[in-house]
Trainee: 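A single structure is presented below for examination.
A note on names: the letters A, B, ... follow the listed sequences, proteins ahead of strands, and every chain is numbered from 1. Every heavy atom of this structure was used, including side-chain atoms; hydrogens, water molecules and symmetry mates were not.
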There are 2 protein chains.
Amino acid sequence: MITPVPNPSGPGRKRPTIRDVARVAGVSYATVSRVLNGHDWVSPEAVRLVRDAIARTGYTANPHARSLATGRSGSIAFLLTEPQHLLFEDSNFAVLLRGVAQALSAREQTLILMIAATATERDRAVSYLSGGHVDGVLLVSPHSGDPLLGQLVRAEVPIVACGRVLGYEQVISSVAADDRSGARSAVEHLLAAGCRRIATITGPQDTSGGVDRLHGYTDALTAHGLAVEPARIAHADWSREGGETAMRALLDRAADLDAVFAASDALAAGALPVLREAGRHVPRDVRVVGFDDSGLAATLDPPLTTVRQPLERISEEMVRLLADITAGRNPLSITVPTTLVVRRSSPA
Amino acid sequence: MITPVPNPSGPGRKRPTIRDVARVAGVSYATVSRVLNGHDWVSPEAVRLVRDAIARTGYTANPHARSLATGRSGSIAFLLTEPQHLLFEDSNFAVLLRGVAQALSAREQTLILMIAATATERDRAVSYLSGGHVDGVLLVSPHSGDPLLGQLVRAEVPIVACGRVLGYEQVISSVAADDRSGARSAVEHLLAAGCRRIATITGPQDTSGGVDRLHGYTDALTAHGLAVEPARIAHADWSREGGETAMRALLDRAADLDAVFAASDALAAGALPVLREAGRHVPRDVRVVGFDDSGLAATLDPPLTTVRQPLERISEEMVRLLADITAGRNPLSITVPTTLVVRRSSPA
DNA sequence: GCGGAACATGTAACCGGTTACAGTGAGGGC
DNA sequence: GCCCTCACTGTAACCGGTTACATGTTCCGC
């Protein structure tokens, strides 16, 4: 039975502190702190008394006071440098965010979301993060040329990236899908279906996803003794519009293509309508495969064959790695396997 | 010219504090604090010295210490009770988040994202938020029956919701689109096109959006002397799947419909394929209008006529309102106008 | 020449936790 | 019976800011 201690109501009432709890429990405030943290010896009797007092007073710790004393903030930042990540084109990103939030919640940590799109926002973000105000930073598929990376590394903020950070492999831990072999399996799936003039729409070549997925494409072709035709490779950013433009370019200079491997679902989503307009039926005339298995893939017309990344797993690992770094360990980067999801855009 | 004070390097080096700055500047630490905050008198000379010292030491304030002293946290929580909000179906939500992040960044505030989907996460969220650890909470279209609302209100946490909170109109400030007249204009647009057997797919009736958009629908019909047929009204949650199910139900019991007003784009996105499968051409046989103008709308096939909410405006207003409440004012709730965006699913 | 504003700055207390260190009392070995 | 250890608890210092209050200065009017 819990008897709540009546506290003066009204907006001016003060929240109970560790001292209040101590008074109610009849112990010293240090003991309360010890019970709270658990890494020191306290008698079972004292634990009971304190637990009781906490329940009766409705005490919750003041995280700022705690952070001040420990030097650890209990919060990590999820840094977003491209706002379009947030948009529905990249629902991966949303899944990742969800996963990270869940993993952090389980560790009693807080998720600070920073969107650094404008120059002002970027400056503010860098100084906030470098200031040691968060325990670590999670980055999503950063571009290798981004000056922000250097600034954060120099400030020695613990960082974990989703996707390898080209040029920083040795200093920034990362969790990434096995892009290269994922892409290879996608292209091999097309080869198995009899396609021989396979084109690709790549992602930005300053991201590991962009580079590795292109590698996977060339891997598959050369393994089958096929030449890699530059005309069949179109570069794009990760956006749907990029996919559109690239697809038009491909139809222009490699009109005989019989399949397209797009390095992301968004790119594929941009490519599909262009193919339709050009009178190419998918999958009869041209087979299409994407990458990510974002929510988008299944709802496209036709539903898109794609390479699934285990995003829940990735987000968990990111949080775990960050915790490792914070704890002083120096964890290795991690690669997780992908799986091919076959849908109507390229039937088996 | 800034001469940086050489500080011992290596990971163990300590960040400069206000005392360090004071020493370098040759003033007391209180003066530094005053310069930092600006709401007390300091001589121009001292300001110069301190500014200089800050630049040279690379000082940034410790937000935890500040929060502890001031009692204000400088962070607000964006609380998400339905994780599907994050998914691409509801890109509104993403735009809203982006807008809020921007508005907060401008105010030097931090955005804490809390996803409270599971029971554990909800408990943790409530106790965290009630604990006075954030300056306020932003809620997205909460359901009126959610017990979380009562808990937060009782804890007297400043709250601003996007969308009126049914049953809490007097205690929770909100910013909302003018759902009712937006819906009415959508239906009037269909009436103007000659449709007379207009059905609707509504959102949940425990959200203001769900209720008001249905009201707008009936408003338009009755204003034109048309009866409101219950058979032409199908209820759904906000999801695409909900739209699918509801559309099937409508085709079942009101097969003669010549238009559908869906209370959200996601609902419309679910309805479109069902219509296609049923052999109803959009817009020839059935005209369709959605609500939100989410990123989804323009990319559907056919592109969707919809009611646009000024989400950037809404997010800004939410942050402004929250600041008002925190400052002790008691702001009114706000309604912002919508605009009809006509696309091919219901040509003019 | 002196009292009192007005201004500028320093001192000290405080916010609410954590934790090093000292102290207490019980129990065990001899 | 004494000493030492061990288990536990309390005191005090500290984290890095803010701010009430006290303490000079300077300048002015009279």
Trainee: Please tell me if B/Tyr29 has a side-chain N or O lying less than 4.0 Å from either OP1 or OP2 of C/dA13.
Mentor: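 False: B/Tyr29 side-chain N/O out of range (4.0 Å or more) of C/dA13 OP1/OP2.
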Trainee: From the list D/dG17, C/dT9, C/dG17, which nucleotide is the closest neighbour of the side chain of A/Ala69?
Mentor: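 For the A/Ala69 side chain, the nearest candidate turns out to be C/dG17.
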Trainee: Has the side chain of B/Arg19 got a donor or acceptor atom sitting under 3.5 Å from an opposite partner on the base of D/dG17?
Mentor: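 Result: at least one qualifying N/O pair found.
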Trainee: Provide the closest heavy-atom pair for B/Ser73 versus B/Val134 in the form atom of the first, atom of the second, distance.
Mentor: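 Shortest heavy-atom separation between B/Ser73 and B/Val134 comes out as OG-CA, 3.4 Å.
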Trainee: Please compare B/Thr60 and A/Ser28 by the position of their nearest nucleotide in DNA chain D and report the one closer to 5'.
Mentor: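 Looking at DNA chain D, the more 5' nearest nucleotide goes with A/Ser28.
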Trainee: Measure from the side chain of A/Tyr59, starting at C-beta and using heavy atoms only, and say which of D/dT18, C/dA8, C/dG17 lies closest.
Mentor: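 For the A/Tyr59 side chain, the nearest candidate turns out to be C/dG17.
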Trainee: Name the atoms and distances for all side-chain donor-acceptor pairs under 3.5 Å in residues 19-29 of chain A, with sequence neighbours left out.
Mentor:
| from | atom 1 | to | atom 2 | distance (Å) |
| --- | --- | --- | --- | --- |
| A/Asp20 | OD1 | A/Arg23 | NH1 | 3.4 |
| A/Asp20 | OD1 | A/Arg23 | NH2 | 3.3 |
| A/Asp20 | OD2 | A/Thr17 | N | 2.8 |
| A/Ser28 | OG | A/Ala30 | N | 3.4 |
| A/Ser28 | OG | A/Thr31 | N | 3.4 |
| A/Ser28 | OG | A/Thr31 | OG1 | 3.3 |

Trainee: Kindly say if B/Thr17 contacts the phosphate of D/dG16, meaning a side-chain N or O under 4.0 Å from OP1 or OP2.
Mentor: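 For B/Thr17, the contact criterion (side-chain N or O under 4.0 Å from OP1 or OP2 of D/dG16) is not met.
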Trainee: Atom NE2 of A/His133 and atom P of D/dC15: how far apart are they, to the nearest Å?
Mentor: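 Result: 17 Å.
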Trainee: If the cut-off is 4.0 Å, is A/Ser33 near the phosphate of C/dT18, judged by side-chain N/O to OP1 or OP2?
Mentor: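 Yes, such a contact exists.
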Trainee: Tell me which nucleotide among D/dG17, D/dC8, C/dT18 gets nearest to the side chain of A/Asn37.
Mentor: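 Nucleotide nearest to A/Asn37's side chain: C/dT18.
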Trainee: Quick one: is C/dT9 close enough that its OP1 or OP2 comes under 4.0 Å of any side-chain N or O from B/Ser43?
Mentor: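 Looking at the OP1 and OP2 atoms of C/dT9, one of them is under 4.0 Å from a side-chain N or O of B/Ser43.
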Trainee: Show the numbers, then the answer: is there a side chain to side chain donor-acceptor pair (under 3.5 Å) between B/Thr326 and B/Asp135?
Mentor: CA-CA 7 Å; B/Thr326 311; B/Asp135 293 342; over 6 Å; no
Trainee: What's the closest nucleotide to the B/Leu68 side chain, out of C/dA8, D/dT11, C/dG16?
Mentor: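 The nucleotide sitting nearest to the side chain is C/dG16.
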Trainee: Where the side chain of A/Asn62 is defined as all heavy atoms beyond and including C-beta, which of C/dT9, D/dG10, C/dG17 is the nearest nucleotide?
Mentor: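 The answer is C/dG17, which lies nearest to the side chain.
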Trainee: What closest approach, in Å, do B/Val35 and B/Arg51 show between heavy atoms, and which atom pair accounts for it?
Mentor: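 Scanning both residues, the minimum pair turns out to be CG1-NH2, 4.3 Å.
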Trainee: What's the CZ-P distance between B/Arg15 and D/dC14, to the nearest Å?
Mentor: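 These atoms are roughly 20 Å apart.
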Trainee: Specify the angle, to 10°, made by the local axes at the two ends of the helix from C/dG1-D/dC30 to C/dC30-D/dG1 when five pairs are taken at each end.
Mentor: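 Comparing the axis at each end, I get an angle of 50°.
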Trainee: Specify the closest pair of heavy atoms between B/Ser173 and B/Pro331, including all atoms of both residues, with the distance to one decimal.
Mentor: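 Looking at all heavy atoms of both residues, the closest pair is OG-O, 3.5 Å.
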Trainee: Can you check the A/Ile18 CD1 to C/dT19 C1' distance for me, whole Å?
Mentor: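 So the CD1-C1' distance, A/Ile18 to C/dT19, works out to 11 Å.
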Trainee: I need the CZ-P distance between B/Arg66 and D/dC15, as an integer number of Å.
Mentor: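 Taking CZ of B/Arg66 and P of D/dC15, I get 18 Å after rounding.
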Trainee: Can you check whether B/Thr31 has a side-chain N or O nearer than 4.0 Å to OP1 or OP2 of C/dG10?
Mentor: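 For C/dG10, OP1/OP2 do have a side-chain N/O of B/Thr31 under 4.0 Å.
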Trainee: Can you tell me the distance, in whole Å, between the CZ atom of B/Arg72 and the C1' atom of D/dG17?
Mentor: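 Checked: the CZ to C1' distance equals 14 Å.
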Trainee: Please determine whether the number of non-hydrogen atoms from other residues, nucleotides or ligands lying under 6.0 Å from atom CZ of B/Arg107 exceeds 12.
Mentor: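 Yes.
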Trainee: Between B/Gln102 and B/Val100, is there a donor-acceptor pair closer than 3.5 Å when you use the side chain of the first and the backbone of the second?
Mentor: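 No, because the side chain of B/Gln102 does not come within donor-acceptor range (under 3.5 Å) of the backbone of B/Val100.
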Trainee: What is the distance, to the nearest angstrom, from the CG atom on B/Leu36 to the C1' atom on D/dT19?
Mentor: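 These atoms are roughly 14 Å apart.
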Trainee: Report the distance from atom CH2 of B/Trp41 to atom P of C/dG10, rounded to the nearest whole Å.
Mentor: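 In whole Å, C/dG10 P and B/Trp41 CH2 are 17 Å from each other.
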Trainee: Between the base of C/dG10 and the side chain of B/Arg34, is one N or O donor paired with an acceptor at under 3.5 angstrom?
Mentor: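 Present.
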Trainee: Can any side-chain N or O of A/Ser333 pair as donor or acceptor with the backbone N or O of A/Ser174 at less than 3.5 Å?
Mentor: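 Here the side-chain-to-backbone pair exists.
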